[in-house]
Amino acid sequence: MLITFEGIDGCGKSTQIEKLKKYFDNKGIGYSVFREPGGTEISERIRSLLLHDTDEMDSVTEILLFSAARSQLIREKVIPLLEKNEIVILDRFYDSTTAYQGFGRNSSSLNDIYTLNKLASHGTVPDLTFYLKIDPKTADQRTKGNKKDRLESAGDDFFKKVATGYDMLASTDKRFRVIDAGRLPDEIHREIVDIIGAYQQ
Ligand code: TYD
């Protein structure tokens, strides 16, 4: 089963993934977690190019690098685990590319992005996608004081556009579950666990 987490920076994704890991641990349920971009040696090297390089990166180069990191992770780690019927949790997947590069940056046509997403994921589609929806202003306040990477420094307008992208995706694809991420972490966690339980039945 493939579960993905999406949302703008500061939506509380990492907190929720940590809580879900503890929940599975307590139940003795096996799982694997990977973050995008990253999760394999090659993908982590691409990640450092994407997040820490200070030089101006061409927007198409950016999409291709995210996709390259993804392709490696999916082929090397995710597909073999899914074939063994394991639970895989992804901290971001191709919906991030659609929302950030497609809507946030307008780097390329959505059709091109969808084609690339399909290629880079080797046709893998999540069973459930949790979209932690939060007002961009609240998210920005949460991340204030954190050291921001290249993409996180992009500004308010950018995150509004990214959020519009997620809203569009969530309204058109049934695998999405929109989670109100403005609530207390434990409340959000309970909702997520309930949704996973109901899905597995
Ligand atoms: P990360 O530090 O993992 O941020 P977060 O904890 O919020 O997920 O950095 C990932 C950054 O890369 C984040 O700002 C979103 C961005 N990103 C894209 O722009 N496109 C993509 O396809 C992916 C996977 C991430």
Side-chain angles (χ1 to χ4, degrees), residues 2-21 33-40 42-54 56-74 77-78 88-108 110 112-122 124-126 129-136 138-166 169 179 181 185 188:
L2 178 59
I3 303 170
T4 62
F5 280 82
E6 296 283 353
I8 61 173
D9 296 277
C11 68
K13 231 171 1 78
S14 314
T15 306
Q16 288 306 321
I17 291 172
E18 280 311 309
K19 285 184 178 294
L20 187 57
K21 283 163 66 176
V33 185
F34 304 103
R35 66 169 180 186
E36 275 217 9
T40 72
I42 290 172
S43 311
E44 289 290 337
R45 279 159 69 184
I46 298 173
R47 178 186 177 89
S48 64
L49 272 178
L50 277 163
L51 302 189
H52 307 306
D53 249 27
T54 47
E56 274 294 298
M57 184 179 290
D58 167 62
S59 58
V60 176
T61 307
E62 184 181 276
I63 301 185
L64 293 173
L65 285 177
F66 276 117
S67 301
R70 176 167 306 134
S71 171
Q72 189 66 35
L73 171 66
I74 299 302
K77 299 272 173 79
V78 175
V88 178
I89 302 168
L90 286 184
D91 184 348
R92 300 194 177 282
F93 192 34
Y94 49 43
D95 300 311
S96 288
T97 304
T98 311
Y100 278 76
Q101 279 65 51
F103 282 79
R105 289 211 197 283
N106 266 313
S107 308
S108 158
L110 283 181
D112 282 348
I113 289 183
Y114 290 143
T115 305
L116 251 183
N117 285 350
K118 199 167 160 197
L119 181 72
S121 59
H122 305 273
T124 304
V125 179
T129 298
F130 292 107
Y131 164 31
L132 304 194
K133 185 176 160 97
I134 193 162
D135 168 48
T138 315
D140 186 50
Q141 274 157 11
R142 282 192 186 173
T143 56
K144 269 210 175 90
N146 295 359
K147 197 174 164 289
K148 297 196 175 180
D149 62 43
R150 194 173 63 82
L151 288 138
E152 284 168 342
S153 319
D156 224 33
D157 268 5
F158 173 73
F159 284 117
K160 270 190 210 144
K161 288 192 263 176
V162 175
T164 307
Y166 278 127
L169 283 169
I179 305 293
I188 300 171

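Source: prediction; values computed, not measured. Remember, it's 1-based here, ligands and their atoms both numbered in the order they're listed.
Judged by distance alone, with hydrogens and angles left aside, the side-chain atoms of Arg47 form no donor-acceptor pair with the main-chain N or O of Gly38 at under 3.5 Å. Glu6 contributes no side-chain N or O that, together with a main-chain N or O of Leu132, makes up a donor-acceptor pair within less than 3.5 Å. No donor-acceptor distance shorter than 3.5 angstrom exists from the side chain of Glu62 to the backbone of Leu50, with no hydrogens or angles considered. With Ser43 contributing its side chain and Gln72 its backbone, the two residues share no donor-acceptor pair below 3.5 Å. In this structure, the side chain of Lys19 does not engage the main chain of Pro185 through any donor-acceptor pair within 3.5 Å.
Set against the non-hydrogen atoms of Thr97, the atoms of ligand 1 under 4.0 Å away are 21 (C), 22 (O).
Polar contact with ligand 1: present for Asp9 (N/O pair, distance under 3.5 Å). An N or O contact shorter than 3.5 Å is missing between Glu36 and ligand 1 by distance.
Contact analysis puts Arg70 in contact with ligand 1, with a non-hydrogen atom separation below 4.0 angstrom.
Contact annotation: for Arg105 versus ligand 1, there are no heavy atoms closer than 4.0 Å. Here Arg35 has no heavy atoms under 4.0 Å from ligand 1, in either its backbone or its side chain. In Leu51, the part holding a heavy atom less than 4.0 Å from any atom of ligand 1 is the side chain. Of the heavy atoms in Glu62, none comes closer than 4.0 Å to ligand 1.
Counting only N and O atoms by type, the side chains of Tyr166 and Ser96 include a donor and acceptor under 3.5 Å apart. Side chains of Thr98 and Asn117: a donor-acceptor N/O pair is present below 3.5 angstrom, by distance only.
For atom 25 (C) of ligand 1, the nearest non-hydrogen atom from the set Phe66, Tyr100, Phe5, Phe93 belongs to Phe66. The option from Glu6, Arg47, Gln101 that lies nearest to atom 1 (P) of ligand 1, judged by heavy atoms, is Arg47.
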